[in-house]
Amino acid sequence: MKALAAEFVLAEHEALVAPHGGALRELYLPDDEAEALKKRSASLPQWTLNQRQLCDLELLLNGGFSPLQGFLGRADYDRVVSEMRLADGTLWPMPIVLDVDEVFASKLQENAQISLNDIQGTPLAVLTVEDVYFPDRIAEAQGVFGTTDRAHPGVAELLDRTGSVYLGGRVQGIQPPAHYDFAALRQSPRQLRDWFHQHGWHRIVAFQTRNPMHRAHRELTLRAAERVGAKLLIQPSVGRTKPGDVDHYTRVRCYRALLEHYPHDQATLSLLPLAMRMGGPREALWHAIIRKNYGASHFIVGRDHAGPGKDSHGKPFYDPYAAQHLLAEHEEELGIGIVPFPAMVYAANRDVYVPQTEVQPDDEVRDISGTELRRRLHEGEAIPEWFTFPDVVKILRDRHPANAPQGFALFFTGLSGSGKSTLAQAVLAKLLETSSRPVSMLDGDEVRRHLSKGLGFSREDRDANITRIGFVASEVVRHGGIVICAPIAPYAGARAEARQLVQAHGRFVEIHVSTPLEVCEARDRKGLYAAARAGKIKGFTGIDDPYETPVSPDIIIDTSDISVVDAAARVVDWLREEELV
Ligand code: PPS
């Protein structure tokens, strides 16, 4: 199998064999048919793809997800979740589904076609809906990620930010999603295979990453390539990675700089528009299949591949070598050579990088973790040359200037009358008293007068309101600012969405103002509870509309047994402890 994989790259396109014996499946229609479908798509139900769906669609359309020909229907989905296989037995570890809300799904006729659009409304593809089903998302989390712990970013997304209905069916491509950044580095599988062919590259080992690369990565990739006598394809995921990662613009500038430090004609760089799920071993298997589709003959699997970090008890979700074991088990069937590699560490006494497993007893081992690197950048401390290259450090320092304040959002949530706004005002005053950093306020009532004018209190409107707050908050945080939000935000899903938006750029601090309903109702400053009890206001939170209590907020404050001044001091003290102010 391994020898064959190398030959595929040399063959003509039509003869190119993707994994599992199938051809590379590109789902784009010929130009004239695509043009006709584009015209027709305007009259179909319109679905705006979120970022994950957009990434998935791009890889479906360009063949990166061969042999898939669309979003999974129920039979494929069930078997993928339980056995990592499509209904026909083909190895495929990750459910690729189109999740939508119930309102949208309920409007679809049998065998409906829907237009899949980007955020600008550009139609990219048409889905013929062959299956509409309600997944058991708890079972999916357990099956795919081995856990239902929301500390796992893939689980949090699945349980809190994934539509409750899945649509399965074939997809016909109209045009690829537009990318204006690093366009010259974004090859499709076909383009990459062509490039390998033109350059006489027959054996290619692919390297996946979601982090900036340093000397250790260079050593690891060069050794891996040497071990299997292959050229190197550095193919970082740039679609969506783990929340809090270095943004891909910065990373790609780092990769380009690093590439200059490889021997001539040994390595190339190409970007993968993949929305990672951080699914550890299963994800590694998926990565290998994708790289095979892109024309690689080998794939490097390092320590803790696609690891999501630690669970809510502080334990790693997966054994760091579980991915290597799983891939080794399936190597033959995958049809791509697996190159397992331990972490590389620096032996200072010998001034060399060595695999962790080859460290000698008298070696003086040095390593700098991602957290330590961020600390050094933040505090303007030296970053040694043994660790990385000066041009890479410069890019990272330009992006993360020393001592630049970190943006954060204080997100107060609680019942009407719980004291959110009063507390938010008091915290605002305390912050302004002690620091010259600007602070923005997004209070519930205030937001509804401006940003969310016209929205009501249906679930849909409340969710839209919180998403708007999350969006504005994320922009403030992105620019290193402080923002205080104080809506009721009764639904966990919308809060999770706001968290996700903000966490892409900084900290999201959730403060549950947990004042009990009886106290809020007794206060009834605006007379709204009385009106709600009298049936004059419908769908009032706490009376005839739910408030979903936050599961693990950063701070809980019940204003029925603490003064506003003390409560504000608690929040500010917490921020100091976390070194946010
Ligand atoms: S939400 O659910 O987060 O979008 O609500 P929010 O934007 O914070 O708006 C809450 C304020 O609107 C008033 N109001 C209602 N609240 C809850 N339920 C219903 N049906 C309702 N209708 C009007 C109420 O004054 C809330 O203000 P606060 O400051 O929370 O008391």
Side-chain angles (χ1 to χ4, degrees), residues 101 103 160-161 409-429 439-476 483-502 508-551 553-560 562 564 567-568 571:
D101 55 84
V103 179
D160 298 328
R161 299 188 303 277
L410 290 183
F411 192 94
F412 291 90
T413 165
L415 295 171
S416 172
S418 57
K420 304 179 296 292
S421 305
T422 317
L423 185 51
Q425 288 298 342
V427 170
L428 171 70
V439 186
S440 303
M441 172 65 86
L442 296 173
D443 186 34
D445 278 341
E446 188 73 5
V447 165
R448 280 184 173 272
R449 264 195 296 280
H450 305 291
L451 186 64
S452 292
K453 193 167 179 181
L455 290 183
F457 288 87
S458 64
R459 182 169 190 132
E460 215 178 5
D461 280 6
R462 288 182 197 254
D463 283 351
N465 182 36
I466 301 307
T467 303
R468 288 179 193 183
I469 292 174
F471 174 73
V472 175
S474 76
E475 284 298 302
V476 173
V483 57
I484 302 179
C485 318
I488 296 180
Y491 304 124
R495 292 195 299 260
E497 170 136 15
R499 173 185 287 278
Q500 198 220 3
L501 287 167
V502 170
F508 181 89
V509 182
E510 190 174 57
I511 304 168
H512 178 205
V513 185
S514 64
T515 316
L517 177 65
E518 312 80 75
V519 178
C520 300
E521 195 168 357
R523 287 177 182 165
D524 207 10
R525 298 227 172 85
K526 302 178 187 164
L528 294 173
Y529 281 99
R533 289 286 182 202
K536 289 184 197 146
I537 301 180
K538 297 272 183 248
F540 196 79
T541 306
I543 305 298
D544 55 349
D545 209 60
Y547 178 81
E548 297 168 5
T549 307
V551 180
D554 298 283
I555 307 175
I556 302 176
I557 294 178
D558 176 349
T559 64
S560 50
I562 188 171
V564 177
V571 175

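For ligands, and for the atoms within them, numbers begin at 1 and follow the listed sequence. For the single chain, residues carry numbers from 1 onward in sequence order.
By the side-chain contact (heavy atoms from CB on, under 4.5 Å) test, Asp545 is found to be paired with Arg462, Tyr491, residues two or more places apart in sequence or in another chain being considered.
A donor-acceptor pair shorter than 3.5 Å cannot be found between the side chains of Ser416 and Tyr529. Side-chain N/O atoms of Arg523 and Thr559 include a donor and acceptor closer than 3.5 Å.
Contact annotation: Arg525 has no heavy atom less than 4.0 Å from any atom of ligand 1.
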Intermediate values then yes/no, side chain to side chain contact (heavy atoms under 4.5 Å, CB included), Thr549 and His512: CA-CA 8 Å; Thr549 307; His512 178 205; 3.7 Å; yes
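The part of Ile466 lying near ligand 1 is the side chain, judged by heavy-atom distances below 4.0 Å.
Under 4.0 Å is where a charged nitrogen must lie from a carboxylate oxygen, and between Arg459 and Asp101 no such pair does. We find that Glu548 and Arg495 are not joined by a salt bridge, their nearest charged nitrogen and carboxylate oxygen being 4.0 Å or further apart.
With respect to atom 14 (N) of ligand 1, the closest heavy atom belonging to the protein is Phe457 CZ, 3.4 Å. Here the heavy atom of the protein found nearest to atom 31 (O) of ligand 1 is Ser416 OG, 2.5 Å. Protein heavy atom closest to atom 8 (O) of ligand 1, with residue, atom name and distance, is Ile488 N, 2.8 Å. The nearest protein atom to atom 20 (N) of ligand 1, hydrogens excluded, is given as Gly539 O, 2.8 Å; this is a heavy-atom distance.
Against a heavy-atom cut-off of under 4.0 Å, Lys538 is close to the following atoms of ligand 1: 20 (N). The distance from ligand 1 to the heavy atoms of Arg448 drops below 4.0 Å at these ligand atoms: 1 (S), 4 (O), 5 (O), 6 (P), 7 (O), 9 (O).
Of the options Asp443, Asp463, Asp445, the smallest heavy-atom separation from atom 11 (C) of ligand 1 is shown by Asp445.
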